[in-house]
Amino acid sequence: MTTVRKRPPRPPHFAAARTYAVGSLIVAMMLAFVGPTAYGAGHPASHPAKAEKSGSISTLKWMIDQESWPTLDPAQATWRGTLQPVGALIYGQLFKLGSKNLYQPDLATGYKLSSDGMTFTMTLRPNVTFQDGTPFNAAAVKASLTRDLSPALHCTCLAILSPVKSITTPSDTTVQLQFSRPDGTILEALSGTTAAYVPSPTAVSKEGQTYGLNPVGAGPYRVVNNAVSSSLTLSTWSGYWDAKNVHVKTMQVLSGNSGPSEWATLQSGGVQVLSLPFGNPTVEKEAISAPGLKVTKAFAYSGLVYLNPGKPPFNNILARKAVEYATDAPAISTSLYYGLQPATAQLAGSGMVGYPGIVKGYPKYNLAKAKSMVKQLGGLSFTLNGGNTPSAIQESEALKKEWSQAGINVTINELSAVAGIAADEAGNYQAATGAYATQPAAVSALANVIGCPSLFDPAYCNPQVNALLAQAESTPNVKRQASFVRKAERIAMVTDATFIPVTEVPEITIAQKGVKGLVVAHTMVYASGVS
Amino acid sequence: MLLRMTGKRLLQLIPVLLGVTFITFAILNLLPGNVALAILGQNATPQAERELERQLGLNHPFLVRYGDWLNGLFHGTLGRSLESHQSVASILAQRFSVSLELIIVALLIALLTAIPLAVLAAKKPGGFADRFASVVAMVGLSVPGFVIGLALILLAAVKVKIFPATGFSPLSSGLISNLRSIFLPALSLSFVLFAIYSRMLRADMAEQLATEDYVVTARAKGISSWAVMMRHVLRNSMFGLITVVGLNLGTLLGATVIIETVFVLPGLGSLVVTSITDKDSPVVQGVVVLMAVAVVLANLLTDLLYAVLDPRVRYGQSGR
């Protein structure tokens, strides 16, 4: 008789244990997979969508990190939504910013500045119309600039246009600006700020307060659909004066979310261009090694630390100098940013018009000196107001660690951008990290940072710095501007030791190699001629 | 009785709306900065800020501003965005449809997978379906939604390129492209829902099969086990499921914030994040009103569904 041997019964908990073991393994694999490969770090070069042949793109999709356009009215554009580069697609611009500090004609064909710098005469392109058929002429430009100068509309261009005393129109294609003082930054205003964009006066009058939702310009593209701060669909129109040089029929601008999914969208071919106005070294590193992508960047600004000289402990210059000597910017550049955001001894970005160059005499990292200064002070502790985004927190923590090596104790306060500005205004800070809104030219950017009253560091005011910046703003010659700015910075950074640059932050544009005609000049991206 | 219940629920909406909007307004008021700073940013001189605050009415006391907003609400208007000047109602109309579609598709995916698996799992405890459902449920409960979302993007959009990684394609662009754009976000959202629904339903059904007299009676009468499951046990268990689905709606609306951010969807979730950051209070208040109404109506719908499933509720007797 054959005995059938039965398998012994499994313990009752076996099935449950097996289930949980398998489940745990799956969870662990997911976390391990998603973590490092979210950005493709350590992953073989990404496989972007096959680039289309030049000239064959009918729709270009362009994702811009954290792009926001609550309104497309240039006179009311908010600080976050400065309409760069979208504004140029809808409105064109009076002048274009070219490389090598040269300004190129666009809707304006030429200019003349009087010898005393008090009158600026601009010649407009003839026979141009807005998208609604309204003539683009001197009256329209005057109306636009008058709106820009209205305090009620709080244009982000108000400060740079402040020297404009009056506007006249000697002819249908001539606009003259008279200044209250010599103005060396007017071309910057008419090319790189919202003052460069001229809306149709008919549309403005008709739409009133809601004009910004349905803008009408004289640029290459008109708005077809506007999902505010989410997606903007643009299409060409036949009346554009330079229609023969516009090759892409439809452009869709999408707002990105500053996360791994933006990069994934480019890799999967969901968009052809990805712009990162605030930089992203992880994505940049991956994109550089990706075979089908081209990376262009312009160093638009510097991340910096500013100290409050009106409040302890930084009302003592020794404390300020101690922090300067304790800051190892090259180490931060290497450890956090793979060297892609280089350390700098300059508050302006090297991609700006009139970049003044490195400030000579700016103290280099010297831990021994920093320690000695802290010892002389009997110790140094303060609160650092930093941003609340992951990259801002990372940088604040890195600075804290560096400073701790010199015996400096730091508490970090993580604040949103709005909360940070509120704290600055109230003088409620000892030290803060920050970066200023991008301006095309160094002189305007730094006037906001180190000029008095400084929008960044309201407690800082040095009349010598102000005088030098005023001279820079009055000088049309870009090289002379840079020279004045450099002197002003030397006082603010070296003599007064109030501003500490850390790294230069690039504005990055990554495009599939098949996308031709994208122009990056200084900090401006022009896409009207892409194909 | 049903009409009375519906009327009572709709009346309850008033104190709920008053409460949530007041609390939201108060919290927003406590946050540092204001929308004038968000608009002016680093160009915010004290004078410019004061002038803009005056223009936007932000210089009035907190209660006056809340009262003005409430007055507008009683007159049927939600006001205008302080940043874009667009009417809040039109902003919500644009965004609500996206979030609604996301939630509906996520619920459908969760229910269409959870119910059959729960039935199979309850029918054969410890079997393959039971263990498979347990594993997926554990993943759904332990892995955050945004991690699931990123994993799906990498697998299904970057590696295999079946679905778009981000963005939303409206219905006007075509049904297929609309469904493709919503599928991955909805799937990410549905994982945790599947976990809750499948485990709850499975446990309830298994308990009924083991302990309820009517099951024994039905089997004794010769009714097949599948018929017992589908016609009797599942129907009884649906009460619990409906309650959980209804209660879940509030959580789902909150979960859309993260999923919409990961997948760059132009819905209510992403809208509320930017509006809170910029302290655009009319928009935040509008979203809060909409969500409060949605939650109350969902609870009402849940109760009405009880009446459909249970005649005892319909005729006014005590329910299960």
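Below, chain A is the first sequence line, B the second, and so on; all start at residue 1.
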With only heavy atoms counted, which part of [X] is less than 4.5 Å from chain B, the side chain, the backbone, both or neither?
{"X": "Leu213(A)", "result": "side chain"}
{"X": "Asn226(A)", "result": "backbone"}
{"X": "Ala152(A)", "result": "both"}
{"X": "Ser231(A)", "result": "neither"}

Are there more than 12 heavy atoms of other residues, nucleotides or ligands under 6.0 Å from atom CD1 of Ile176(B)? no
Looking only at Gln55(B), Arg80(B), Arg95(B), Arg54(B), most heavy-atom pairs under 4.5 Å shared with chain A are made by Gln55(B)
I'd like to know which of Leu265(B), Ile153(B), Thr261(B) tops the heavy-atom pair count under 4.5 Å against chain A. Thr261(B)
About how many Å separate [atom2] of [Y] and [atom1] of [X], when rounded to the nearest 0.5 Å?
{"X": "Lys161(B)", "Y": "Gln267(A)", "atom1": "NZ", "atom2": "CD", "value": "7.5 Å"}
{"X": "Ile276(B)", "Y": "Ser416(A)", "atom1": "CD1", "atom2": "OG", "value": "11.5 Å"}
{"X": "Ser172(B)", "Y": "Asn225(A)", "atom1": "OG", "atom2": "CG", "value": "8.0 Å"}

Heavy-atom closest contact (Ser84(B) atom, Pro70(A) atom, distance): CB-O, 2.7 Å
Considering all heavy atoms, the nearest His85(B)-Thr210(A) contact: O-CG2, 3.8 Å
Chain A heavy atoms under 4.5 Å from Pro266(B): which part of the residue, side chain, backbone, both or neither? both
Sort Gln86(B) into side chain, backbone, both or neither according to what part of it lies under 4.5 angstrom from a heavy atom of chain A. both
Pair Thr166(B)-Ser261(A), side-chain donor/acceptor within less than 3.5 Å: no
